[in-house]
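Letters go in sequence order (proteins before strands), and every chain restarts at 1.
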Number of protein chains: 2
Amino acid sequence: MQFSSRLPIAVHTLLVTEFFKDQFKITSDFIAGSVGVNPVIIRNILIQLKNADLIEVAAGVGGAKLKKSPEEISLLDIFNAVEVNEKLFHIHEHPNFNCPVGKNIQSILNKNLDNVKKTAERELDKITLQSLLNNLR
Amino acid sequence: MQFSSRLPIAVHTLLVTEFFKDQFKITSDFIAGSVGVNPVIIRNILIQLKNADLIEVAAGVGGAKLKKSPEEISLLDIFNAVEVNEKLFHIHEHPNFNCPVGKNIQSILNKNLDNVKKTAERELDKITLQSLLNNLR
DNA sequence: TTTTATTGTAACTCTTGACATTACATCAAA
DNA sequence: TTTGATGTAATGTCAAGAGTTACAATAAAA
């Protein structure tokens, strides 16, 4: 099991948007050319990033740009923009509630696994778009 | 995107195996009755737990039991037993290597996201089967 | 030796999500 | 009004999770 490539593609999109902002108009076709996927994939991700207030996109004339500075955008912001926020694990839904284990399994696992998820989120929040840009040079 | 219910079901399986070890023979049907899924699902998970040396299963006569003490089994051990170990995120495979962003995106994301995964694994490793058993009482 | 309960395992179906692609209406500036 | 983009719907393909049926293999007990 693996997370989809939406986070990687969204990160790539934002990096391209910032890196080339003074040289090119950042259209979905332009981004798609760097990412290597269909432009519609990029447009859908741009919509999600726009809804999360990370970029603005000029309808009609075209072109995207960041709405915050790269220091203010973390991988967690991007992750939350493109992945639906749900439990990390799918817990089986029909345990036997007449069994002492079945009765408690959901609350026990929810508590422990939510904690794991929070730890991973804190880690994602430490990584900024700026630090990734620094790695480019 | 979500991890499958294999880890939750495997944890449930091990808890049942230990909790009822002195009262019942722990067959796949018995476990399935507590988890609320088809016994074949349990048998396949038992095979994975057996391959990871966490339990032993008596073929023919039936019955499972732990091969280590609950203190020695962590959620990470169980996770590794039932989930194929792969990258946390699927990174897009055909970036444009002629682009300074496309050329570096894979190595940058691999490095940063592997680190997030390692953090989550360390967190899973802190949680033992015994601590979950304690929560049952 | 035969019966019995159980495991091991294959085969099949159903459903869902990711991803790719085509198509076209909408939009806003030149 | 033309032009180049975006917004968005529809469709197809593929892979994985989960459930189920079926049955051979196994090992203990009768």
A.B. asks: Check the hydrophobic clustering (I, L, V, M, F, W, Y; side-chain heavy atoms under 4.5 Å; chains of links allowed) and say if A:Val11 and A:Ile47 are grouped together.
C.D. replies: no
A.B. asks: For salt bridge (Lys or Arg N to Asp or Glu O under 4.0 Å), just list the numbers for A:Lys21 and A:Glu18, CA-CA rounded to whole Å, side-chain angles, deciding distance to a tenth of an Å, and then say yes or no.
C.D. replies: CA-CA 5 Å; A:Lys21 66 178 173 182; A:Glu18 179 68 11; 2.9 Å; yes
A.B. asks: Quick one: does any side-chain atom of B:Asn104 pair with a main-chain N or O of B:Pro100 as donor and acceptor, under 3.5 Å?
C.D. replies: yes
A.B. asks: Can you tell me how far P of C:dT7 sits from CZ of B:Phe30, to the nearest Å?
C.D. replies: 12 Å
A.B. asks: Under 4.0 Å: is that the gap between some side-chain N or O of B:His92 and OP1 or OP2 of C:dC19?
C.D. replies: no
A.B. asks: B:Glu83 or A:Asn44: which one's nearest nucleotide on DNA chain D is closer to the 5' end?
C.D. replies: A:Asn44
A.B. asks: Closest to the B:Val37 side chain: C:dA18, D:dG19, C:dT9?
C.D. replies: D:dG19
A.B. asks: Could you state the atom-to-atom distance from CD1 of B:Ile41 to P of C:dA10 in whole Å?
C.D. replies: 15 Å
A.B. asks: Please check the phosphate of C:dC19 (OP1 and OP2 only) for any side-chain N or O of A:Ser5 closer than 4.0 Å.
C.D. replies: yes
A.B. asks: Please check if A:Val40 and A:Leu46 belong to a single hydrophobic cluster, counting links between Ile, Leu, Val, Met, Phe, Trp and Tyr side chain heavy atoms closer than 4.5 Å.
C.D. replies: no
A.B. asks: Report the distance from atom CD1 of B:Ile42 to atom P of C:dT6, rounded to the nearest whole Å.
C.D. replies: 15 Å
A.B. asks: Would you list the protein and nucleotides 3-6 of chain D atom pairs, both N or O, that sit under 3.5 Å from each other?
C.D. replies:
from, atom 1, to, atom 2, distance (Å)
D:dG4, N2, A:Gly60, O, 2.6
D:dA5, O4', A:Gly60, O, 3.3
D:dT6, OP1, A:Ser28, N, 3.1
D:dT6, OP2, A:Ser28, N, 3.3
D:dT6, OP2, A:Ser28, OG, 2.5

A.B. asks: For B:Gln48 and C:dG8, what is the distance between atoms CD and C1' respectively, to the nearest whole Å?
C.D. replies: 14 Å
A.B. asks: Between A:His94 (NE2) and D:dG19 (C1'), how many Å, whole number?
C.D. replies: 12 Å
A.B. asks: CD of A:Gln2 versus P of D:dA16: gap in Å, rounded?
C.D. replies: 10 Å
A.B. asks: At their closest point, which heavy atom of B:Thr17 faces which heavy atom of B:Lys65, and how far apart are they?
C.D. replies: CG2-CA, 3.6 Å
A.B. asks: Select one nucleotide: of C:dA18, D:dT20, D:dA9, the one nearest the side-chain heavy atoms of B:Val40.
C.D. replies: D:dT20
A.B. asks: Calculate the interatomic distance between A:His90 atom NE2 and D:dA16 atom P; express it in whole Å.
C.D. replies: 19 Å
A.B. asks: Inspect the contact between B:Glu83 and B:Arg6 and indicate whether a charged nitrogen and a carboxylate oxygen are less than 4.0 angstrom apart.
C.D. replies: yes
A.B. asks: Nearest to the side chain of A:Asn38, which nucleotide is it out of C:dT21, D:dA18, D:dT8?
C.D. replies: C:dT21
A.B. asks: Would B:Leu133 end up clustered with B:Val35 when hydrophobic side chains under 4.5 Å apart are linked, directly or stepwise?
C.D. replies: yes
A.B. asks: Quick one: B:Ile47 CD1 to C:dT7 P, roughly how many Å, whole number?
C.D. replies: 11 Å
